[in-house]
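Before any comments, here is the structure.
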There are 2 protein chains.
Amino acid sequence: MTRKRKTQTPPAESGRFSYDGLDRVIHEKARLGILASLAARGDGLLFNDLKNLCSLTDGNLSRHLGVLSEAGIVEVWKGQQGSRPQTMYRLTVSGRQRFTDYVNVLESVVADAQVKMQSEAGPRTSPPGWAPA
Amino acid sequence: MTRKRKTQTPPAESGRFSYDGLDRVIHEKARLGILASLAARGDGLLFNDLKNLCSLTDGNLSRHLGVLSEAGIVEVWKGQQGSRPQTMYRLTVSGRQRFTDYVNVLESVVADAQVKMQSEAGPRTSPPGWAPA
DNA sequence: GCAATTACTTTACATTGTAAAGTGAGTTCG
DNA sequence: CGAACTCACTTTACAATGTAAAGTAATTGC
């Protein structure tokens with residue numbers, strides 16, 4: 001009388017290529033650029049610097065910075081440059097650590113991917129008994 | 001009478017950290033795992049192999065493979081193993097190239113990020129004239 | 001003083017990743 | 001024989017999210 005389970009087969013424990021360490025908040029094209037910029041300049045960058053460095057529109061950059069600051073990865077400082085308001089963005093200590101951890105996983109992705117170079121040779125046969133979908 | 005432009009300031013030409021080469025189709029946690037797996041095994045992998053290697057659910061894996069095959073990055077072969085149907089997935093030639101290109105950009109991201117190691121020292125002062133947001 | 005610029009923020013929308021449910025062929029058990 | 005179950009996926013539904021356009025508030029130029 002045991003009811004049949006309706007939920008789909010759950011994923012395995014932790015696959016060789018699951019890359020659990022790829023933090024979703026960091027693993028985003030635009031955010032990667034922002035973080036790389038901020039990592040290079042430890043003393044912070046202004047909104048417009050980031051905008052130019054990362055080739056983002058104002059709105060786009062603003063939202064991404066919001067995500068990063070809410071995640072505690074960047075900190076925000078308001079100030080004045082001349083008579084115009086300026087906002088400065090800087091990596092937090094833990095943000096720097098999280099980014100470092102992320103980059104370490106990236107390195108392993110690159111390493112994994114470069115194994116392929118060795119298996120690249122081969123005549124590329126159609127596998128016998130298999131038909132194209 | 002020139003109308004004021006309503007569209008937001010467009011992004012710059014190509015910023016130092018814009019990472020244009022990060023192909024959206026490839027730059028996705030799950031898909032990265034799938035491609036790394038397939039790159040390692042040039043002769044292809046079965047659905048279940050990928051499922052386990054990448055720790056994905058069936059539905060999830062299916063959709064991602066759909067995206068990758070529609071993009072021409074992986075090719076799909078139907079066959080039989082014993083009496084059960086099996087599908088084999090393999091990188092296409094151009095897919096392998098695209099993945100290689102992507103990984104090269106990843107390497108530059110890692111390199112950019114590791115510049116920070118040098119600027120890591122410092123007493124972390126609050127910048128004078130700036131107030132926390 | 002009024003239009004335009006600067007420095008962002010907010011809103012609206014379309015894309016998309018994910019889990020749950022569905023499908024259809026094959027196998028097993030009574 | 002056929003109902004129940006498994007296997008190998010596919011389809012669907014939904015919530016999350018990245019992006020462009022529009023909005024805002026202060027400041028500057030004419």
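Numbered from 1 within each chain, the chains take letters A, B, ... in sequence-line order.
Atom NZ in A:Lys78 sits roughly 14 Å away from atom P in D:dA25 (whole-Å rounding). Summarising the geometry, the separation between CG on B:Leu56 and C1' on C:dA19 is reported as 12 Å, rounded to the nearest angstrom. The distance between atom CZ of A:Arg31 and atom C1' of D:dA16, rounded to the nearest whole Å, is 11 Å. Between the P atom of C:dG17 and the CG atom of B:Leu32 lies a distance of 12 Å, rounded to the nearest Å. Look at NE2 on A:His27: it is 14 Å from C1' on D:dG18, rounded to the nearest Å. With rounding to whole Å, B:Leu50 atom CG is found 13 Å from D:dC9 atom C1'. Distance CG (B:Asp58) to P (C:dA19): 11 Å, rounded to an integer number of Å. A:Phe47 places its CZ atom 18 Å from the P atom of D:dT24, with the value rounded to the nearest Å.
Listed by first and then second residue, the salt bridge (charged side-chain N to carboxylate O under 4.0 Å, His left out) pairs that reach into residues 74-91 of chain A are A:Glu75-A:Arg90, A:Glu75-B:Arg124, sequence neighbours excluded.
Contact between the side-chain N/O atoms of B:Gln86 and the OP1/OP2 oxygens of D:dC7 is not found at any separation under 4.0 Å. OP1 or OP2 of C:dA7 sits under 4.0 Å from a side-chain N or O of A:Asn48. One finds no side-chain N or O of A:Arg84 lying less than 4.0 angstrom from the OP1 or OP2 phosphate oxygen of D:dA25. Contact check, B:Asn60 against C:dG17: no side-chain N or O comes under 4.0 Å of OP1 or OP2. OP1 or OP2 of D:dT19 lies within a sub-4.0 Å distance of a side-chain N or O belonging to B:Arg24.
With sequence neighbours excluded, the residues that form a side chain to side chain donor-acceptor pair (under 3.5 Å) with A:Arg16 are A:Asp112. By the side chain to side chain contact (heavy atoms under 4.5 Å, CB included) test, B:Val67 pairs with B:Val25, B:Arg31, sequence neighbours left out. Legend: residues meeting side chain to side chain contact (heavy atoms under 4.5 Å, CB included) with B:Asp20, ordered by chain and number and at least two apart, are B:Ser14, B:Ser18.
Summarising the hydrophobic clusters (Ile, Leu, Val, Met, Phe, Trp, Tyr; side-chain heavy atoms under 4.5 Å, direct or chained), the residues clustered with B:Met88 are A:Trp130, B:Leu46, B:Trp77.
Under 4.0 Å is where a charged nitrogen must lie from a carboxylate oxygen, and between B:Arg24 and A:Glu28 at least one such pair does.
Interface residues of residues 61-77 of chain B facing DNA chain C, ordered by number: B:Arg63, B:His64; criterion, heavy-atom separation under 4.0 Å.
Both A:Gln80 and A:Glu28 lie near DNA chain D, and the one whose nearest nucleotide falls closer to the 5' end is A:Glu28.
Side chain to side chain, B:His64 and B:Asn60 meet the donor-acceptor criterion of an N or O pair below 3.5 Å.
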